[in-house]
Amino acid sequence: MAKIVILTGAGISAESGIRTFRASDGLWEEHRIEDVATPEGFMADPGLVHRFYNARRAAAAAAAPNAAHRALAELEQDGRHEVLVVTQNVDDLHERGGSANVIHMHGTLTGALCHSCGHRWPAPAEMAPRDPCPACQKPATRPDIVWFGEMPYQMEEIWTALRAADLFVSIGTSGNVYPAAGFVADAGHAGVPTLELNLEPSAGSRYFDEARHGPATAIVPAWVR
Ligand SMILES: CC(C)NC(=O)[C@H](Cc1c[nH]c2ccccc12)NC(=O)[C@H](CCCC/N=C(/NCCC(=O)O)S[C@H]1O[C@H](COP(=O)(O)OP(=O)(O)OC[C@H]2O[C@@H](n3cnc4c(N)ncnc43)[C@H](O)[C@@H]2O)[C@@H](O)[C@H]1O)NC(=O)OCc1ccccc1
């Protein structure tokens, strides 16, 4: 079975109505990364950060997977490919689109984490700074999200899969955030063929063996079929 590692970013969820980060109406337009997506920003104003992620949690819950998410699930279940989706997205549209083999390297909106004892539990719709951890009872609840300056999740597993892949595909990402933006180079060094599927050329487009550009709901199903 051909082993395919697929990196996804905000672009694959854009047509489901979830805002991307760097577009003209992107999330980072209204919020400084430092304020809402760093451990320092959380310590400075946990209320602001919880409100930011509560709003994104509500938006993700109201969204539905699109044809690109579903096409990747079909590829995973076609019995001819071993597919691993490595997503930078914190929404759960890959799973709701039918994908089972998904790594959320930057965390999930559906998870809560205690920054005192490390306990994890399903996130309620609304979180607030005084919410006690169900394990240690301390008011140390944060979203289970990887912020800038923090180590992404399951990196060893991702790098092992990347080096053993028969193909690396990058979908809907601008290639500005590391270590994800370095995966195409890591794959290249391991002799793994690379393909970019994106609305427009990304920052790392020149590193890919092949690139196809257009909306994910058009180019991803076309690539899968
Ligand atoms: C800004 C950048 C320069 N900074 C970094 O990269 C930093 C620092 C850094 C580390 N190494 C470096 C090397 C060089 C320079 C800097 C660094 N990285 C870190 O801090 C990382 C942690 C970064 C994670 C931060 N958390 C996120 N998310 C969770 C929060 C949240 O979501 O709120 S990052 C967040 O932003 C990124 C956004 O990028 P995209 O998803 O690509 O979205 P964007 O809007 O930019 O682009 C959308 C694309 O889609 C396309 N598109 C739009 N519509 C469609 C459409 N319809 N169809 C198809 N495509 C479409 C567009 O054309 C566009 O190209 C994603 O990763 C997303 O998860 N941690 C770390 O490095 O730890 C130590 C370490 C050491 C060794 C080994 C490992 C680690």
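Since the structure is predicted, the reported quantities are computational estimates derived from the model, not experimental observations. Start at 1 and go down the list; that is how both ligands and their atoms are numbered.
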Any heavy-atom pair between the side chains of Glu126 and His50 that's under 4.5 Å? no
Under 4.0 Å from one or more heavy atoms of Ala216, ligand 1 contributes atoms 56 (C), 58 (N), 59 (C)
Where the side chain of Gln77 meets the backbone of Gly98, is there a donor-acceptor pair that is under 3.5 Å apart? yes
Checking the side chain of Asn198 only, and the main-chain atoms of Thr173 only, is there a donor and an acceptor separated by less than 3.5 Å? yes
Assess Met151 for proximity to ligand 1: is some non-hydrogen atom of it under 4.0 Å away? yes
Do any heavy atoms of Ala180 fall under 4.0 Å from ligand 1? no
Compare Gly182, Pro143, Ser170, Gly172 and give the one whose heavy atom is closest to atom 48 (C) of ligand 1. Gly172
Between Asp186 (side chain only) and His189 (backbone N and O only), is there a donor and an acceptor less than 3.5 Å apart? no
With heavy atoms of Ala10 as the reference, note each atom of ligand 1 found under 4.0 Å away. 40 (P), 41 (O), 43 (O)
Any donor-acceptor N/O pair, Arg70 side chain to Gly97 backbone, under 3.5 Å: no
So is Ser202 polar-close to ligand 1, meaning N/O to N/O under 3.5 Å? no
Quick check on contacts: which atoms of ligand 1 are under 4.0 angstrom from a heavy atom of Ile145? 29 (C), 30 (C)
Checking the side chain of Asp35 only, and the main-chain atoms of His31 only, is there a donor and an acceptor separated by less than 3.5 Å? no
Please confirm whether the backbone N or O of Glu34 pairs with a side-chain atom of Thr38, one donor and one acceptor, at under 3.5 Å? yes
Has the side chain of Asn89 got a donor or acceptor atom that lies under 3.5 Å from a matching backbone atom of Asp92? no
Which ligand 1 atoms are under 4.0 Å away from a heavy-atom of Gln88? 66 (C), 67 (O), 68 (C), 69 (O)
Does Arg56 reach ligand 1, in the sense of a heavy atom lying below 4.0 Å from it? yes
Could you tell me whether some N/O pair between Val146 and ligand 1 is separated by less than 3.5 angstrom? yes
On the 0 to 90° scale, with breaks at 30° and 60°, tag the Phe42-Trp147 ring pair as parallel, tilted or perpendicular. tilted
For Ala37, state whether at least one heavy atom is located under 4.0 Å from any atom of ligand 1. no
May I ask you to check if ligand 1 and Gly149 share an N or O to N or O distance below 3.5 Å? yes
For atom 19 (C) of ligand 1, tell me which residue out of Trp159, Tyr178, Trp147, Tyr53 has the closest non-hydrogen atom. Tyr178
Is Pro215 close enough to touch ligand 1? Criterion: a residue heavy atom under 4.0 Å from a ligand atom. yes
Contact (N/O only, under 3.5 Å) between Pro179 and ligand 1: no
Which atoms from ligand 1 have a heavy atom of Pro152 less than 4.0 Å away? 70 (N), 73 (O), 80 (C)
Thr160 side-chain N/O to Glu156 backbone N/O, donor-acceptor pair under 3.5 Å: yes
Ala68 near ligand 1, heavy-atom distance under 4.0 Å? no
For Thr173, the atoms of ligand 1 under 4.0 Å from one of its heavy atoms are 40 (P), 42 (O), 49 (C), 50 (O), 65 (O)
What atoms of ligand 1 come closer than 4.0 angstrom to any heavy atom of Glu150? 21 (C), 22 (C), 70 (N), 71 (C), 73 (O)
Going by the order shown, which atoms of ligand 1 are within less than 4.0 Å of some heavy atom of Glu15? 56 (C), 57 (N), 58 (N)
So, regarding Ser174 and ligand 1 (criterion: nitrogen or oxygen to nitrogen or oxygen, under 3.5 Å), is there a contact or not? yes
Going by distance only, is there an N or O of Phe52 that falls short of 3.5 Å from an N or O of ligand 1? no
Backbone of Val86 reached by a side-chain donor or acceptor of His104 within 3.5 Å: no
Taking CZ in Phe52 as the centre, count heavy atoms belonging to other residues, nucleotides or ligands within less than 6.0 Å. Is the count above 12? yes
Within the side chain of Arg96, is there an N or O that forms a donor-acceptor pair under 3.5 Å with the backbone of Ala63? yes
